[in-house]
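Below: the structure, in structure tokens.
Atom set for the values below is all heavy atoms of this structure, side chains included, hydrogens, waters and symmetry mates excluded. Sequence lines set the chain letters: A, B, ... in the order given, protein chains first and strands last, and positions in each chain run from 1. Every value quoted in this text rests on a predicted model; they were computed, and no experiment measured them.
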Amino acid sequence: MRRTPAYTYARIWSVVEQIPLGYVATYGDVAQGAGIPGRARSVGYALHALPPGIEIPWHRVINGRGTISLSGHAAREQARRLRVEGIPVVGMRIDLKAYRWRGGNRSLRH
DNA sequence: GCAATGACGCTCT
DNA sequence: CAGAGCGCCATTG
């Protein structure tokens, strides 16, 4: 299967759709789940290119440091939505250790 | 087709 | 914790 660029987008979006309410995932996690490990950047690009009006929990995607990568109004919007879903956002930071979504059902890391 | 840009990640300072 | 450097790759001018 070749990784046609535009095709990767749909793949990324479909992974983001699977993030359960109350949890968050990092760009790297989404990339891995989409079958393109190491291309976290592309994930950010894909989300930025999200068609308006489409129902995808983009706000549940944050960077590997556990902070929101957006800025200005967009950042506030994301933080607000996360809090609404029960995820505490301190400063621009989320407790990844407690809210990071693990694809599948792993209780232990590694 | 090359150069610059970006909702990123990891390591080292 | 903040900055700098390097890798990665899709999109745009």
* Structure fact -> Here the distance between atom P of dG6(B) and atom OH of Tyr27(A), to the nearest Å, is 14 Å

* Could you measure between the two C1' atoms, the one in dG1(B) and the one in dT12(C), and give it in whole Å? => 13 Å

* To do: Choose from dC1(C), dA7(B), dT12(C) the nucleotide whose nearest atom is closest to any side-chain atom of Arg93(A).
  => dC1(C)

* Atom CD of Gln32(A): over 12 foreign heavy atoms under 6.0 Å -> no

* Asked: How long is the line joining CH2 of Trp58(A) and P of dA7(B), in whole Å?
  -> 13 Å

* Run the numbers on Ile94(A) and Leu82(A) for side chain to side chain contact (heavy atoms under 4.5 Å, CB included), then give the verdict. => CA-CA 9 Å; Ile94(A) 288 94; Leu82(A) 289 175; 3.9 Å; yes

* Asked: If you check every side-chain atom of Ala40(A), which of dT12(C), dG9(B), dC9(C) has the closest atom?
  -> dG9(B)

* Asked: Expressed in angstrom and rounded to an integer, what is the separation of Asn63(A) atom CG from dA2(C) atom P?
  -> 12 Å

* Comparing Tyr45(A) and Gly38(A) on DNA chain C - which has the more 5′ nearest nucleotide -> Gly38(A)

* Name the closest nucleotide to the His48(A) side chain, picking from dA10(C), dG9(B), dA7(B). => dA7(B)

* To do: To the nearest Å, give me how far apart CG (Leu96(A)) and P (dC8(B)) are.
  => 14 Å

* Check whether any side-chain heavy atom of Leu96(A) lies under 4.5 Å from a side-chain heavy atom of Arg65(A), and answer yes or no. => no

* **From CA spacing to verdict: side chain to side chain contact (heavy atoms under 4.5 Å, CB included), Thr26(A), Val61(A)** => CA-CA 5 Å; Thr26(A) 68; Val61(A) 183; over 6 Å; no

* OP1 or OP2 of dC8(B) less than 4.0 angstrom from a side-chain nitrogen or oxygen of Ser69(A), does that happen here? -> yes

* Please state how far atom CZ in Arg65(A) lies from atom P in dG3(C), giving the value in whole angstrom units. => 10 Å

* To do: Please state whether the phosphate of dT11(C), meaning OP1 or OP2, lies under 4.0 angstrom from any side-chain nitrogen or oxygen of Tyr9(A).
  => yes

* To do: Take the protein atom CZ of Arg60(A) and the nucleotide atom C1' of dA7(B), then report the distance between them rounded to whole Å.
  => 17 Å

* To do: Could you state the atom-to-atom distance from CG of Asp29(A) to C1' of dG9(B) in whole Å?
  => 11 Å

* Taking atom P of dG9(B) as reference, at what distance in whole Å does atom CD1 of Ile36(A) sit? -> 13 Å

* When you measure from the side chain of Ser42(A), which nucleotide among dC9(C), dA7(B), dG6(B) comes out closest? -> dC9(C)

* Of the nucleotides dA7(B), dC9(C), dA10(C), which one has an atom closest to the side chain of Arg39(A)? -> dC9(C)

* Pair Glu77(A) + Arg81(A): basic N to acidic O under 4.0 Å -> yes

